[in-house]
Amino acid sequence: MSSATAEIVLDVQDLQAGYGGFPVIHGVNLQVHAGEIVAVVGPNGAGKSTLLKTINGLLAVHAGTVIFNGADETNTPAEHRAALGMGYVPQDNNTFPDLTVRDNLAVALLRQHPVEVRRRISEVALSFPALEERMNRNASTLSGGERQMLAVASAMITRPTFLALDEPTTGLAPSIVHDRIDDILRIRDDGTPVLWVIEENPLMCLPHVDRVYVMQAGVVDAPVSSEAVLQDAALNSLFFGVDAGEGEA
């Protein structure tokens, strides 16, 4: 099903937000449809993380609307949005380093019965088998790629119907980036649309997304194809520091 006919899961309209009254994002319009992976790209400081925090209720909206599954959630708190199915993985501080992998997963299910918690942890272990071997290890002992896997698993254990990811492959080795991409594709294929902020590894990540929003100085343009971004030498040089003709190492 094309994005033109697929159900709109997230509809952001004329969104403005920032910190302490200072605007960072300006009139952003963005949509994510069922079955899609949609990317947001742009240089450091463009407002990408601010956009995701605002969508997920962690920053107050100055103006505009956030519509999720047809309902206006602009002024609802983050915990309400999470209960509705909005999942979010921030770029940093996305695990509890002094807790075990098992306890990190359980924290996301504090209101669930212990039997249900155990069942869901077992389910997540099937989707992220590398975590099963590390259940009793503290998150602080995991590699960067393993911590990102745990962060994504902690979001998915709540069974979200939409997932926002803030740069989940940043700082990872290419082989680990491939593993995290596979995780994201599996999440989409299992029925959860994804909004994915990409800053590093564009040549590896962008071919897997359906549409791309280019963000500069808090403003996004109309969505374009990943091919259009990858073939635009100016965008590649400005945002990613790579030549459009570069291949993967």
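The first residue of the sequence shown is numbered 1, and numbering continues consecutively from there. These numbers were taken from a predicted model, which means no experiment stands behind them.
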**Asked** Okay, side chain of Tyr213, backbone of Val28: is any donor-acceptor separation there less than 3.5 Å?
**Response** no
**Complete:** The salt bridge (charged side-chain N to carboxylate O under 4.0 Å, His left out) partners of Glu123 (sequence neighbours excluded) come to Arg119, Arg159
**Request:** Hey, could you give me each pair passing salt bridge (Lys or Arg N to Asp or Glu O under 4.0 Å) that has a residue in residues 45-70? Not counting sequence neighbours.
**Result:** Lys48-Glu199
**Prompt:** How would you list, by chain and number, every residue that makes a side-chain contact (heavy atoms from CB on, under 4.5 Å) with Asp14, sequence neighbours excluded?
**Reply:** Asn29
**Prompt:** Residues in side-chain contact (heavy atoms from CB on, under 4.5 Å) with Arg118, at least two apart?
**Reply:** Pro114, Val115
**Request:** Among Ile, Leu, Val, Met, Phe, Trp and Tyr joined by side-chain contacts under 4.5 Å, find the other residues sharing a cluster with Leu99 and list them by chain and number.
**Result:** Phe96, Val107
**Request:** For the pair Arg186 and Asp189, evaluate salt bridge (charged side-chain N to carboxylate O under 4.0 Å, His left out) and give the outcome as yes or no after the intermediate values.
**Result:** CA-CA 5 Å; Arg186 185 179 67 252; Asp189 292 344; over 6 Å; no
Would you list the atom pairs, donor with acceptor, under 3.5 Å between side chains in residues 148-158 and any protein atom, with sequence neighbours excluded?
| unit_1 | atom_1 | unit_2 | atom_2 | d |
| --- | --- | --- | --- | --- |
| Gln148 | OE1 | Asn94 | ND2 | 3.4 |
| Ser154 | OG | Leu150 | O | 2.9 |
| Thr158 | OG1 | Ala155 | O | 2.7 |

**Message:** Test of understanding: with salt bridge (charged side-chain N to carboxylate O under 4.0 Å, His left out), list the residues that count as partners of Arg188, not counting sequence neighbours.
**Reply:** Asp210
**side-chain contact (heavy atoms from CB on, under 4.5 Å) partners for Val24, two or more places apart** = Tyr19, Phe22, Thr50
**Request:** Show which residues join Ile67 in its hydrophobic cluster (side-chain heavy-atom contacts under 4.5 Å, direct or indirect), or state none.
**Result:** none
**Asked** Can Val219 be reached from Ile198 by stepping across I, L, V, M, F, W or Y side chains whose heavy atoms are under 4.5 Å apart?
**Response** no
**Message:** Holding to salt bridge (charged side-chain N to carboxylate O under 4.0 Å, His left out), I want the full list of residues that pass it with Arg81, two or more places apart in sequence or in another chain.
**Reply:** none
**Asked** Mind checking what makes side-chain hydrogen bond (donor to acceptor under 3.5 Å, both in side chains) contact with Thr169, not counting sequence neighbours?
**Response** Asn201
**Request:** Taking salt bridge (charged side-chain N to carboxylate O under 4.0 Å, His left out) as the test, write out the residues that go with Glu146, two or more places apart.
**Result:** Arg134
**side chain to side chain contact (heavy atoms under 4.5 Å, CB included) between Cys205 and Ile181, intermediate numbers included** = CA-CA 7 Å; Cys205 298; Ile181 291 172; 4.0 Å; yes
**Message:** Under the criterion side chain to side chain contact (heavy atoms under 4.5 Å, CB included), I'd like the reasoning laid out for Leu206 against Val212: C-alpha separation, chi angles, the key distance, then a yes or no.
**Reply:** CA-CA 8 Å; Leu206 284 176; Val212 182; 3.9 Å; yes
